[in-house]
Novice: 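Attaching a single structure in structure tokens format; questions to follow.
So that the names make sense, note that chain A is the first sequence line, chain B the second, and so on, each numbered from 1.
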Amino acid sequence: MNSSIVRQNFLDFFRNKGHEVVPSAAMVVKNDPTLMFTNAGMNQFKDIFLDNAPVKFKRIANTQKCLRVSGKHNDLEEVGHDGYHHTMFEMLGNWSFGDYFKQEAIQWAWEFLTDVMKIDKERIYVTIFEGDQSEGLDRDLEAYNYWNKLIDENRILPGNKKDNFWEMGDSGPCGPCSEIHVDIRPDVERKALDGKMLVNKGNPRVIEIWNLVFIQYNRRVSGELELLKNKHVDTGMGFERLCMVLQNKSSNYDTDIFQPIIQEIASLTRIDYGKSENTDVAMRVVADHLRAVAFAIADGQLPSNAKAGYVIRRILRRAVRYNYTFLEQNKPVIYKLMPALLSTMGEAFPELKSQWQLIEKVIYEEEQAFLHTLETGDKRLKESINTLKNEKKNALSGKIAFELYDTYGFPLDLTELILKENNLAVNRQEFDQAMTEQRNRSKSAAAVESADWVMVRPDGSQGEFVGYDRLHAEVRICRFRKLKTKDKQFFHLVLDQTPFYAESGGQVGDTGYLDDGEEKIRITNTFKEHGLIIHVAEKLPQDVSQVFEAVVSGKARRETANNHTATHLLHHALREVLGKHVEQKGSLVNADYLRFDFLHYQKMTEDEITAVEILVNQKIREGIERKELRETSMEEAREMGAMALFGEKYRDRVRVIQFGDSVELCGGTHVDSTSQIGLFKILSESSIAAGVRRIEAITGGKAEAWYRNLEKKMNSVEQLLNSPQDVKKAVETLIEEKSSLQKQVERYAREATHALKEDLLKKVHKAGDYNLISAVLENTIGDPGIIRDVAYQLRGEVGDLFLVIGAVVGDKPHLAVMIHDNLIRDKKLHAGEIIKTAAREMEGGGGGQAFFATAGGKNAAKLEKAVGKAVEMFRKAVEEE
RNA sequence: GGGGAAUUAGCUCAGUUGGCUAGAGCGAUUGCAUGGCAUGCAAUAGGUCAGGGGUUCGACUCCCCUAUUCUCCA
């Protein structure tokens, strides 16, 4: 059965059972600081499980793009070595929020697998939670009984807490689960050994395909479990595995989801898939990682050097590394696989299709950049290998291996591989130690201790955001919790209603204070977590149960609104000036400035930037009133021509902000009329990634100050130039004059040097077989470089020379000694040594090379003495013969 | 959020305990050779050594601060 039909069958099946089918949420998570990527189907429903959001549909089904590359689930290093690990995969799920529970979940799962998918019942095994004494939990008899009606009791296996008790994290909703396993071994093997012996034993042919989670408890920070009022069902079935079973394959990578990509890799590298284990692993790695990276970019997450973007970069790099080592590709090739990926997934995921050009471009540039990193590391490693060989050692210090990895991004396994080719190894113990140190440093810096929520009001639930209309409100605290990091403690507050805007859509969170009439509690930030609006406070009020006046910092809010509305106008103007391909890729809006990242493939010209600025300022002067639809449907918003952003969570009600022709879906705060912005000025336009450009701009008072500053600078320049008619020409003239004067000065300096040289040539004395020049210059000299130049010239003109020159530079004595090579060789003279001794005479120090050295001192009166000392040392050495 | 590193000519990079009058390759310009081209030969230009402060007789080199980029951990 073709994979797209499998997907469709699943969704149809549950739609017929009264489920609302919703689209996959973005793989890149916004508005949840505890998670970077969607790593399970339930992520987008977390708010509901935590009771922070109302239930809109009691039954939902979907297929969810998931990425497991960080945190609790990290499968990255496993990918490729077997047939079933992936970084990115699809999770098919059906959900009940306080509606049906174990009976229907089990019944329907069975029906779908055996009736619709026609999987052989003799190959299916299920597990149920066996109970756990330490938690005081009994065997999940309920689930057992429902299963027993459908399947032979020999096929119902008990499972321990690790496999059969599901938890979201250290605290939060949790409950027992029931897994469905399929035995896909050939009949001969199945006869020889009963499949139930292999369930959850890591056999690649006896695999879990579906996990039914029955959420009935909440775990507190203390570890205690409490029963939930509303019980939920959360199921997840690995789409790729299901396809493997249905297509009678022994690996996910042999299904029609991956084969087109793998075959394309084979044809590009001219290596057949199945030829050898190493190249097979590499091909699977490349195919898997391409999928993950392409979807991440389509969801708006570009590779970068920090956080989520860095994780994406690392996935791609792992693919490049395998490509480089095992498929021997040292030029970018992964980007060439995009058409193959589109052919398998482009239909089901339109975002992939609409952004493929960007994805291809970004992957190409990343490949190239990392290949360069590898080259640099390779060079450094070869240097170390040479040193090792010279020193006749056979192990590379772990410190150096770690430095290669930590600082230059050169992978350890590649280091080991190259060393092995040279019969060398890495000192792993040292490496691991350095790694541990690195980890500990990070942990101690990032550790945040968080306590349980304390419920002040019984239900602890919050009210709405009222900040679109008001900047202050009467509020009560619903709940709070204490947090502690290494060097400070603070509090999170949830209010019954709030005027504070929580960080979202690029706009920063509000600041301000809570006032109880006696003291003001500062609110330093506001953000959303699992649907809660959280206010960060420096301390807790004396009495948390009273009523407070919540006040948002108005100035910051107004300036932020200026920048946010200006961002919309900018977005619209860019589309006018550059074309409709311009699409938002990210933005930052705070009180100081705005930053807008967008798709565009060339650097903007000066004229384009000016045109955009003019257009935005025009709109500002037109004083366009804001039109706001707070609760409208997605369809209506689309009809209005709203530009929807990437990564929007599925919602049926949306907010639309309109300023004339600019219509956007946006939750942020805006000005009433564009005229409030006052003025708009672009400060910079630059590139942040392949195909993505960034504009930074300022508005209002900040823009005004910028122009005032410019005027001031201009005025002061004009004043200096005696207010010429044409400033540019006046400066050009100055520059020309300066360079011609500089040339003259250089000519005079050359002449002076020449004269000085001639002068010194007259002072050549014979001293034995050698020529001696010693002199104290009468005139002070501005630049010691002149003495150096003369010394070097004399060295070329006078053979067997010993030269010592003293001069006053500024008001300090300066000494230079130049010795000819054969003097150094024959008499073991060293200019640096001589000058050190001589400089002591004038209370100074110095040094240099054997043939030329300089020194300075403090006592100019003793200059002559110092020169004399140098000469004396020379004579002594020469006469010693 | 924390650690490490880098920033030198238009580009890619050397510069080894502080002192070699800052270099190489590619590119650019000019000239020469060849019927022409690929190319070859020769010469020339091009540098606030990221920016700012400090230590020193002397800093590309050592120390501090800032910016940007890379990289690892979380």
Novice: Considering only atom C1', compute the distance from B:C49 to B:U61 and round it to an integer number of Å.
Specialist: 10 Å
Novice: Would you mind checking if A:D592 and A:K702 are paired as a salt bridge, meaning a charged N to carboxylate O distance below 4.0 Å?
Specialist: yes
Novice: Taking salt bridge (Lys or Arg N to Asp or Glu O under 4.0 Å) as the test, write out the residues that go with A:K681, two or more places apart.
Specialist: A:E613
Novice: So which protein N/O to nucleotides 16-20 of chain B N/O distances come out below 3.5 Å?
Specialist:
{"unit_1": "B:G19", "atom_1": "O2'", "unit_2": "A:Q849", "atom_2": "OE1", "d": "3.4"}
{"unit_1": "B:G19", "atom_1": "O2'", "unit_2": "A:Q849", "atom_2": "NE2", "d": "2.3"}
{"unit_1": "B:G19", "atom_1": "O6", "unit_2": "A:G847", "atom_2": "N", "d": "3.2"}
{"unit_1": "B:G19", "atom_1": "N1", "unit_2": "A:G847", "atom_2": "N", "d": "3.3"}
{"unit_1": "B:G19", "atom_1": "N1", "unit_2": "A:G847", "atom_2": "O", "d": "3.0"}
{"unit_1": "B:G19", "atom_1": "N2", "unit_2": "A:T854", "atom_2": "OG1", "d": "2.8"}

Novice: Using the C1' atom in both, what is the distance from B:G4 to B:C41, to the nearest Å?
Specialist: 47 Å
Novice: Checking contacts here: which listed nucleotide (B:C73, B:C13, B:C70) is nearest the side-chain heavy atoms of A:R317?
Specialist: B:C70
Novice: Please report the distance separating the P of B:A5 from the corresponding atom of B:C62, rounded so that it comes out in whole Å.
Specialist: 11 Å
Novice: Taking any heavy-atom pair under 4.0 Å as a contact, classify A:N440: base, sugar-phosphate, or nothing.
Specialist: nothing
Novice: Under the criterion side chain to side chain contact (heavy atoms under 4.5 Å, CB included), which of A:I819, A:V817, A:L823, A:L803 is the partner of A:F874?
Specialist: A:L823
Novice: CG of A:D378 versus C1' of B:U12: gap in Å, rounded?
Specialist: 17 Å
Novice: Is there a side-chain polar atom (N or O) of A:R314 under 4.0 Å from OP1 or OP2 of B:U71?
Specialist: no
Novice: Enumerate the residue pairs fulfilling salt bridge (charged side-chain N to carboxylate O under 4.0 Å, His left out) with a member in residues 431-442 of chain A, sequence neighbours excluded, ordered by first and then second residue.
Specialist: A:R428-A:D432
Novice: Can a salt bridge be assigned to the pair A:R317 and A:E367 using a cut-off of 4.0 Å between side-chain N and carboxylate O?
Specialist: no
Novice: For the pair made of NE2 in A:H814 and C1' in B:U56, what is the distance, rounded to whole Å?
Specialist: 14 Å
Novice: Please determine, by modelled atom types, if A:T87 and A:D288 share a side-chain donor-acceptor pair under 3.5 angstrom.
Specialist: yes
Novice: Report the distance from atom CG of A:L316 to atom C1' of B:U71, rounded to the nearest whole Å.
Specialist: 16 Å
Novice: Salt bridge check, A:K382 against A:D378: does any charged N sit closer than 4.0 Å to a carboxylate O?
Specialist: yes
Novice: Roughly how many Å is it from CD in A:E383 to P in B:C13, rounded to a whole number?
Specialist: 14 Å
Novice: Want to settle it: does A:F410 or A:G844 sit nearer the 5' end of RNA chain B, counting the closest nucleotide to each?
Specialist: A:G844
Novice: Can you tell whether the side chains of A:E503 and A:K528 come within less than 4.0 Å, N to carboxylate O?
Specialist: no
Novice: Can you list everything that forms a side-chain hydrogen bond (donor to acceptor under 3.5 Å, both in side chains) with A:T415? Sequence neighbours excluded, please.
Specialist: none
Novice: Just wondering, do A:D597 and A:R693 contact through their side chains at under 4.5 Å, heavy atoms?
Specialist: no
Novice: With rounding to whole Å, what would you report as the distance between B:U17 and B:A59 at their C1' atoms?
Specialist: 15 Å
Novice: Determine the stems involving RNA chain B; a stem requires 3 or more consecutive pairs of the Watson-Crick or G-U wobble kind, each with both distances below 3.5 Å, and the answer is none if no such run exists.
Specialist: B:1-7 with B:67-73, B:10-13 with B:23-26, B:28-33 with B:39-44, B:50-54 with B:62-66
Novice: In this structure, how many angstroms lie between the C1' atom of B:C73 and the CE atom of A:M36, rounded?
Specialist: 11 Å
Novice: Looking at the side chain of A:R439, which of B:U12, B:A74, B:U71 is the nearest nucleotide?
Specialist: B:A74
Novice: Could you tell me the separation between the CG atom of A:D432 and the P atom of B:C73, rounded to a whole number of Å?
Specialist: 13 Å
Novice: Which whole-number value in Å describes the distance from A:Q368 CD to B:C70 P?
Specialist: 15 Å
Novice: Rounding to the closest angstrom, what is the interatomic distance between B:A42 and B:U34 at atom C1'?
Specialist: 16 Å
Novice: So, are A:E538 and A:R522 salt-bridged, with charged N and O less than 4.0 Å apart?
Specialist: yes
Novice: Inspect the contact between A:E685 and A:R694 and indicate whether a charged nitrogen and a carboxylate oxygen are less than 4.0 angstrom apart.
Specialist: no
Novice: With rounding to whole Å, what would you report as the distance between B:G46 and B:U30 at their P atoms?
Specialist: 16 Å
Novice: Could you check how far CE of A:M435 sits from C1' of B:A74, rounded to whole Å?
Specialist: 10 Å
Novice: What interatomic distance, in whole Å, is found between P of B:G3 and the corresponding atom of B:C64?
Specialist: 13 Å
Novice: Base, sugar-phosphate, or nothing for A:G845, non-hydrogen atoms under 4.0 angstrom?
Specialist: base
Novice: Look at A:R321 together with A:D413 and state whether they make a salt bridge at an N to O cut-off of under 4.0 Å.
Specialist: yes
Novice: Sort me out a list of protein N/O and nucleotides 1-11 of chain B N/O pairs below 3.5 Å, or just none if empty.
Specialist:
{"unit_1": "B:G2", "atom_1": "N2", "unit_2": "A:Q438", "atom_2": "OE1", "d": "3.3"}
{"unit_1": "B:G3", "atom_1": "O2'", "unit_2": "A:R441", "atom_2": "NE", "d": "3.3"}
{"unit_1": "B:G3", "atom_1": "O2'", "unit_2": "A:R441", "atom_2": "NH2", "d": "3.0"}
{"unit_1": "B:G3", "atom_1": "N2", "unit_2": "A:D406", "atom_2": "O", "d": "3.4"}
{"unit_1": "B:G3", "atom_1": "N2", "unit_2": "A:D406", "atom_2": "OD1", "d": "2.7"}
{"unit_1": "B:G3", "atom_1": "N2", "unit_2": "A:D406", "atom_2": "OD2", "d": "2.6"}
{"unit_1": "B:G4", "atom_1": "O2'", "unit_2": "A:T407", "atom_2": "OG1", "d": "2.7"}
{"unit_1": "B:G4", "atom_1": "N2", "unit_2": "A:T407", "atom_2": "O", "d": "3.2"}

Novice: Would you indicate what A:R313 reaches in the nucleic acid, counting non-hydrogen atoms under 4.0 angstrom: base, sugar-phosphate, or nothing?
Specialist: sugar-phosphate
Novice: Say we look at B:G53 and B:U29: how far apart would their C1' atoms be, to the nearest angstrom?
Specialist: 40 Å
